[in-house]
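To keep things clear, I will list the structure first and then write my remarks on it.
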Amino acid sequence: MTTQDEVVAAKIDKLGENLVKVEELTQRLVELMMTRNPLRRELSAPNQDVFANAASAYWADIMQNPNKLIEQQMAFWGQSVQHFVDAQAVLAQGKLEIEEAEPESDRRFANPLWQTNPYFNLVKKQYRLNVDTMRDAIAQIDEDDPIERQRLAYFTEQIVEMMAPTNFFATNPDALEKALETEGQSLVAGLENLIRDLEANNGELIVKLADDTAFELGRNVATSPGKVVYRNHMMELIQYSPTTEEVHEIPLVIFPPWINKFYILDLKEKNSMIKWLVDQGYTVFMVSWMNPDRSHAQIAMEDYIEDGYLTAFDEVKKITKQKQVNAVGYCIAGTTLHLVLSLLKKRGDKSVKSATFFTTLTDFSDQGEFTPFLQNDFVDGLEAEANEEGILRSFIMQRTFSFLRSNDLVYAPAIRSYMMGEAPPAFDLLFWNGDGSGLPGKMAVQYLRQLCQQNLFVTDGIKLMGETLHMKDVSLPVCAITCETDHIARWKDCYRGFQQSSSKDKTFIVSESGHIAGIVNPPSKKKYGHYTNSDFKKDAESWMADADFTEGSWWPRWDTWLSPKSGKKIAAREPGDSNHPVIENAPGSYVKVIATR
């Protein structure tokens, strides 16, 4: 019979074995980091002038008013000492429990030890004091340039989030408890996860968000039946198989963003927009963009327009024997669709009957949360990266987007994977999020300089393909869907650009939720509602104040708008025709190409 002492001894032995493994893995990690080829400095931090100028402004103010510094420091020191005294008092009373008046709302501090253990309670309180002190100091800096103030605030918040005690093993009670419970096995698994992620990204730390072995394109994601009916060097054109006996005669062509892959609109059957549209009687075509490598360095915005959009329109018209199509553009593909519509207007080409835009920016005068990354120091670095590599690699953009929501997309997943030793979840949305695409170097620089920075499309016009294109050229029927909490394409910024089109048939919708969930919001979920208002003379705040709210998905409302623009009903079409034989089954081959690292 095993005694309690024997059980404890066995646990200690197991812990010792795992700690030896930890030492071996640590050595492997050190060797890996020694071979790391780091990104250029400009892509990892702002120009040092951002902080130098802030420090100069802060100290100049202090010299004018030294009492302010004394007051701030005395308050900081006083509260720090008080935190220490409180912890000592609890220990002196012989108890390890602290009572707090208010319940904890920050998920990072959900473990009861943050309240009941004097050590962790002291760490938490001191961290929050440090955060408040930093934020107060930044708020008091006399900086007239709103962009510099926004950048300073953003990078300060990055420091704040990075220094959270939960990000460090010695001050994370969840990680410490897990290590003890598993006799150190969680530490071994965590280091193995860390090494795996570093090796997968050439030494760059990109946290793996999902178990990619749980998903296979065409098997349990991107499963809507269809055929690849056309292919060129820029795209595959997928035509989806009908599910109704009759369909609208005018086809629908969807252009997804080439920063990501199209199957966000076809993750699984119950939330697939593609399936829902086919079930409503639309002939749906999807563009699946090529995933560029270094040989695509000179592919420009003109190539996306000519060999992507215009070619897709031509081939779809041939297959369906129609003179017009309805078009959809999502995010950057919606921005480019606006350029295409302006070009077609200049050429007198009426191939597009109506256009729908998902979370689409055209006016970049307010760059929102991307402001810190769209100033010259960062864009110069991105341009140098694009010129050197030939592409803007996917993980660079993924990292930038992730740090806009660093707690949810960087630190929390890193804690679970590296400190707790947990496997990434089998979550299809996060799988898609990690399955990105790079950008051709020339196209990326055009987009960053001419659209994001210079904002030419709504000011002087952008020169492409022998024409000067402007937002005001867009005059056909348009429908825009934006999302209330979208931090990538904020709805107010989308609205500002939408107002500048010349169309007399306009519909603008604000869906609840964010960049993805607000769009992928099927009626069956009965989850997020939406706002509408037909008065576009108002500014964004007034538009929303007077808007009507409707429970549930915006998809049926869009169907009501799109259906009259889609012609009469005809017999359903099978994919392809004699001149467009089936190349392969959906989702095709281009979508399966892994981004270049």
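Heavy-atom basis, side chains included; hydrogens, waters and symmetry copies ignored.
- Side-chain contact check for D548 and N533: no donor-acceptor pair (N or O, by modelled atom type) lies under 3.5 Å.
- Rounded to the nearest 0.5 Å, atoms OG (S513) and CD (E484) are 9.0 Å apart.
- In this structure, OG in S437 is found 7.5 Å from CE in M290, a value given to the nearest 0.5 Å.
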message: Before you tell me yes or no, could you show the steps for Y330 and N260 under side chain to side chain donor-acceptor pair (under 3.5 Å), namely the whole-Å CA-CA distance, both residues' side-chain angles and the distance that decides it to 0.1 Å?
response: CA-CA 10 Å; Y330 195 162; N260 302 106; over 6 Å; no
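- Using a cut-off of 4.0 Å between Lys/Arg side-chain N and Asp/Glu carboxylate O, K275 and D266 are scored as not salt-bridged.
- Using a cut-off of 4.0 Å between Lys/Arg side-chain N and Asp/Glu carboxylate O, E385 and R393 are scored as salt-bridged.
- Contact check for V510 versus C483: no side-chain heavy atoms found under the 4.5 Å cut-off.
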message: What verdict does the side chain to side chain contact (heavy atoms under 4.5 Å, CB included) test give for Y531 and I509, after you've listed the backbone C-alpha separation in whole Å, the side-chain angles of each residue and the deciding distance to 0.1 Å?
response: CA-CA 6 Å; Y531 301 87; I509 299 170; over 6 Å; no
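- Counting non-hydrogen atoms of other residues, nucleotides and ligands closer than 6.0 Å to CE of M163 gives a total of 12 or fewer.
- Taking CG of D363 as the start and OG1 of T335 as the end, the distance is 11.0 Å to the nearest 0.5 Å.
- Between L217 and T223, every side-chain heavy-atom pair lies at or beyond the 4.5 Å cut-off.
- Side-chain contact check for Q453 and N376: at least one donor-acceptor pair (N or O, by modelled atom type) lies under 3.5 Å.
- A heavy-atom distance below 4.5 Å is not found between the side chains of E306 and M234.
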field: Trace of the side chain to side chain contact (heavy atoms under 4.5 Å, CB included) decision for I391 with L439
entry: CA-CA 5 Å; I391 58 173; L439 296 179; over 6 Å; no
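- You'll find the ring centres of F262 and Y590 outside the 6.0 Å limit.
- A donor and an acceptor atom, one from each side chain of T156 and R135, are nowhere located under 3.5 Å apart.
- Counting heavy atoms from C-beta outward, C452 and Y447 have side chains that approach closer than 4.5 Å.
- N387 contributes no side-chain N or O that, together with a main-chain N or O of A384, makes up a donor-acceptor pair within less than 3.5 Å.
- Using the six-membered ring where Trp is involved, F508 and W491 have ring planes that are tilted, between 30° and 60° apart.
- In this model, no donor atom of one side chain and acceptor atom of the other lie less than 3.5 Å apart for N326 and Y282.
- Side-chain atoms of K345 and S475 form a donor-acceptor pair, as typed in the model, at a separation below 3.5 Å.
- Between T213 and D211, the side chains place a donor N or O and an acceptor N or O closer than 3.5 Å (distance only, hydrogens not considered).
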message: Set out, in order, the CA-CA distance, both residues' side-chain angles and the distance that settles side chain to side chain contact (heavy atoms under 4.5 Å, CB included) for L252 and L277, then state yes or no.
response: CA-CA 9 Å; L252 183 66; L277 286 166; 3.8 Å; yes
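- Heavy atoms from other residues, nucleotides or ligands lying under 6.0 Å from CD of Q454 number more than 12.
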Atom pairs and distances, donor-acceptor, side-chain atoms in residues 406-417, under 3.5 Å, two or more places apart:
| residue | atom | partner | partner atom | Å |
| --- | --- | --- | --- | --- |
| N407 | ND2 | E161 | OE1 | 2.9 |
| D408 | OD1 | R107 | NH2 | 3.0 |
| S417 | OG | N193 | ND2 | 3.4 |

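- Side chains of R496 and S365 form a contact here, defined as non-hydrogen atoms less than 4.5 Å apart.
- Looking at D539 and Y495, their side chains never bring a donor and an acceptor atom within 3.5 Å of each other.
- When ring centroids are compared, Y304 and W258 come within the 6.0 Å threshold.
- Side-chain contact check for L343 versus L464: every heavy-atom pair is 4.5 Å or farther apart.
- Counted by atom type alone, Q375 and Q150 present zero donor-acceptor pairs between their side chains at under 3.5 Å.
- Residue M471 holds its CE atom at 4.0 Å from OG1 of T362, rounded to the nearest 0.5 Å.
- Atom NE2 of H338 sits about 6.5 Å away from atom OG of S501, to the nearest 0.5 Å.
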task: Report the C-alpha distance between E269 and S224 in whole Å, list the side-chain angles of each, state the deciding distance to 0.1 Å, and finish with yes or no for side chain to side chain contact (heavy atoms under 4.5 Å, CB included).
output: CA-CA 7 Å; E269 187 172 317; S224 289; over 6 Å; no
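- Salt bridge D197/K208: absent, no basic N to carboxylate O contact under 4.0 Å.
- A donor-acceptor pair is defined here as one N or O able to donate and one able to accept, closer than 3.5 Å; such a pair exists between the side chain of S566 and the backbone of L562.
- Screening F403, F364, F401 for a ring pair (Phe, Tyr, Trp, His ring centres under 6.0 Å) with F370, the sole residue that qualifies is F401.
- Ring geometry, F498 versus F536: the interplanar angle exceeds 60°, so the pair is classed perpendicular (tilted spans 30 to 60°).
- No donor-acceptor distance shorter than 3.5 angstrom exists from the side chain of H248 to the backbone of I250, with no hydrogens or angles considered.
- For the residue pair D293 / T596, no side-chain donor-acceptor distance below 3.5 Å is found, with atom types taken as modelled.
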message: Determine whether K565 and D505 satisfy the following criterion, salt bridge (Lys or Arg N to Asp or Glu O under 4.0 Å), listing intermediate values before the conclusion.
response: CA-CA 11 Å; K565 299 170 177 60; D505 182 349; 3.4 Å; yes
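- Between E541 and K492 the shortest side-chain heavy-atom distance falls below 4.5 Å.
- For E236 (side chain) and S589 (main-chain N/O), a donor-acceptor pair under 3.5 Å exists by modelled atom type.
- Using a cutoff of 4.0 Å between basic side-chain nitrogens and carboxylate oxygens, D535 and K537 are not scored as salt-bridged.
- A salt bridge links D380 to R449: at least one charged side-chain nitrogen sits closer than 4.0 Å to a carboxylate oxygen.
- Of the listed residues (T482, I481, D486), just one forms a side-chain contact (heavy atoms from CB on, under 4.5 Å) with I519, and that residue is I481.
- With rounding to the nearest 0.5 angstrom, the CG atom of L392 is 5.0 Å from the CE atom of M397.
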message: As a quick check of understanding, evaluate ring pair (Phe, Tyr, Trp, His ring centres under 6.0 Å) for Y154 and F373, giving each step before the final call.
response: CA-CA 10 Å; Y154 170 80; F373 302 103; 5.4 Å; yes
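- Between V228 and L237 the shortest side-chain heavy-atom distance does not fall below 4.5 Å.
- Scanning all heavy atoms of the two residues, the minimum distance from N232 to T311 falls at ND2-CG2, 3.9 Å.
- Put simply, the side chain of T459 gets close to the backbone of N455: a donor and an acceptor are under 3.5 Å apart.
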field: Audit row: F285, F313, ring pair (Phe, Tyr, Trp, His ring centres under 6.0 Å) steps and yes/no
entry: CA-CA 10 Å; F285 290 83; F313 293 154; over 10 Å; no
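- Between K527 and E551 there is no salt bridge, since no side-chain nitrogen of the basic residue lies less than 4.0 Å from a carboxylate oxygen of the acidic one.
- The existence of a salt bridge linking R490 and D366 is confirmed by a sub-4.0 Å separation between a basic side-chain nitrogen and an acidic carboxylate oxygen.
- Looking at W558 and T356, their side chains do bring a donor and an acceptor atom within 3.5 Å of each other.
- N220 places a side-chain N or O within donor-acceptor distance of the main-chain N or O of E216, the cut-off being under 3.5 Å.
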